Protein chains: 2
Amino acid sequence: MNAAPQFSTKERILGAAEELFAQQGFAGTSLREVTRRADVNIAAVNYHFGSKENLVNEVFRRRMDDMSARRLQALHRAVARDPSDLEGILAAFIEPPLALAIDRSGSAFVRIIARAYAEKNDGLRRFLSDNYGHVLREFARAIAVALPELDRDDLYWRLDFTAGALTYAMADFGITQRADGRSEAAHCRDAAQALIQFAAAGLRAPRTLRTDPEQGLEKHA
Amino acid sequence: MNAAPQFSTKERILGAAEELFAQQGFAGTSLREVTRRADVNIAAVNYHFGSKENLVNEVFRRRMDDMSARRLQALHRAVARDPSDLEGILAAFIEPPLALAIDRSGSAFVRIIARAYAEKNDGLRRFLSDNYGHVLREFARAIAVALPELDRDDLYWRLDFTAGALTYAMADFGITQRADGRSEAAHCRDAAQALIQFAAAGLRAPRTLRTDPEQGLEKHA
DNA sequence: GTCTATAGACCGATAGAC
DNA sequence: GTCTATCGGTCTATAGAC
């Protein structure tokens, strides 16, 4: 279960931190646990990363840079092929993170992403928004081109819904369980296919009618 | 910012815990912070709740019982009116939590739900599944009746996606910001309307075609 | 770069007086 | 039911030897 010893101290710390953060969250994981699993001295983490917060950021950077590049590359390929191919755009958004989930080395990371969204007030969220917000904005632009009739508010809402569904599916929450005969890889492909189908239909839905500001949800208690 | 002093010690602890858990997570919040904000003695939390874990459970129970009852009541009303009214079923699922988000007293709680889904390995998840899992199963049954053509796997996937989108929207992650002129209540109604429209279209999408197990997502590195 | 040792603070939980 | 005081343990971070 421990990180392989042929990697550098720094790499071993990153790997151990990724697994533990995925299992227990950031606040719920101590540096002592991390260094114990990585089989390095407790002082090494401060030598290599300076602080726990910076270690968290570096755990993200190691995977996110690659994942964002894969998403944008797939997006540009899909748009060059056919700018109105909504399914192609969605596949570019959805498949790279789910492909990462197949790897043993990346499966912990996708659960970390879900945790990051729940840890709302951290510097981590600013770090993610600053460093990777442009990816989401580029997808929003491509979808606006593919669906020119789509209302701007609906576009943003629905892109958020898609991201939420993806995050949720990646973290394998929920009631859908992998069938016994189906491999992990096949399960992820099923998820990607199902989500592309679901999100494409949702994005193509008729414009949402806004209710009168006076009425609507009943406020209770 | 502190809880009003006319409430009992127990209520004040619950209220303070709810706000802090929403902001900082469960592991990230200490009982000392909770009792400081509630303006009660540190020993009171163990007297009234026994342990931190049990306090977490009670924070949930206080809101979840009511929310689940509202969801099921709305579901039964919608199904009695028209068993094929998918939008009505979805409204029964989506509106009670978003209505809770409007209340000042409940807005922290909806963010806690998102945290609960991210805190994967706790007893909390078992607690939620044991106590409230039947609600989700009842919605699955109603949707299966409303959409008899819908494939069983697709139903479960798409219900998960809807729950993920709802969780994400409630916690106001994502890029959709409330417009300056729009009230919090109107914003929540917008979210509910947009999500019902999105999820209904997604659920009505054609059956997802499963790929051949041999091909699919490229496994990388 | 890696170690030991420790500072300085905070944690959850409890005992026991009132 | 509420308080003070405290136990035994944890934590992040750092100083300084090697």
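Protein chains get the first letters and strands the later ones, always in sequence-line order, with residue 1 at the start of each. Only a predicted model underlies this, so the values are computations on that prediction, with no experimental measurement involved.
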Please list each protein N or O that sits under 3.5 Å from an N or O in nucleotides 10-17 of chain C, with the distance.
unit_1 : atom_1 : unit_2  : atom_2 : d
C/dC11 : OP1    : B/Ser30 : OG     : 2.6
C/dG12 : OP1    : B/Leu31 : N      : 3.1
C/dG12 : OP1    : B/Lys52 : NZ     : 3.4
C/dG12 : OP2    : B/Leu31 : N      : 3.0
C/dG12 : N7     : B/Arg32 : NH1    : 2.7
C/dA13 : OP2    : B/Lys52 : N      : 3.2

Atom [atom1] of [X] and atom [atom2] of [N]: how far apart are they, to the nearest Å?
X: A/Phe26; N: D/dC11; atom1: CZ; atom2: P; answer: 18 Å
X: A/Asn54; N: D/dA13; atom1: CG; atom2: C1'; answer: 14 Å
X: B/Arg12; N: D/dG1; atom1: CZ; atom2: C1'; answer: 12 Å

Mind checking ring-ring contact (aromatic ring centres under 6.0 Å, His included) for B/Phe49 and listing every partner two or more places apart, or none if nothing turns up? none
Is the phosphate of D/dG1, meaning OP1 or OP2, less than 4.0 Å from a side-chain N or O of B/Thr9? no
Would the A/Phe161 and B/Phe161 ring centres measure less than 6.0 Å apart?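 Centroid separation for A/Phe161 and B/Phe161: 6.0 Å or greater.
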For [X], give me all partners under salt bridge (charged side-chain N to carboxylate O under 4.0 Å, His left out), at least two apart in sequence or on another chain.
X: A/Arg77; value: none
X: A/Arg63; value: A/Glu18
X: B/Glu87; value: B/Arg204

Can you name the side-chain hydrogen bond (donor to acceptor under 3.5 Å, both in side chains) partners of B/Arg62, sequence neighbours left out?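 Only B/Glu11 meet the side-chain hydrogen bond (donor to acceptor under 3.5 Å, both in side chains) criterion with B/Arg62.
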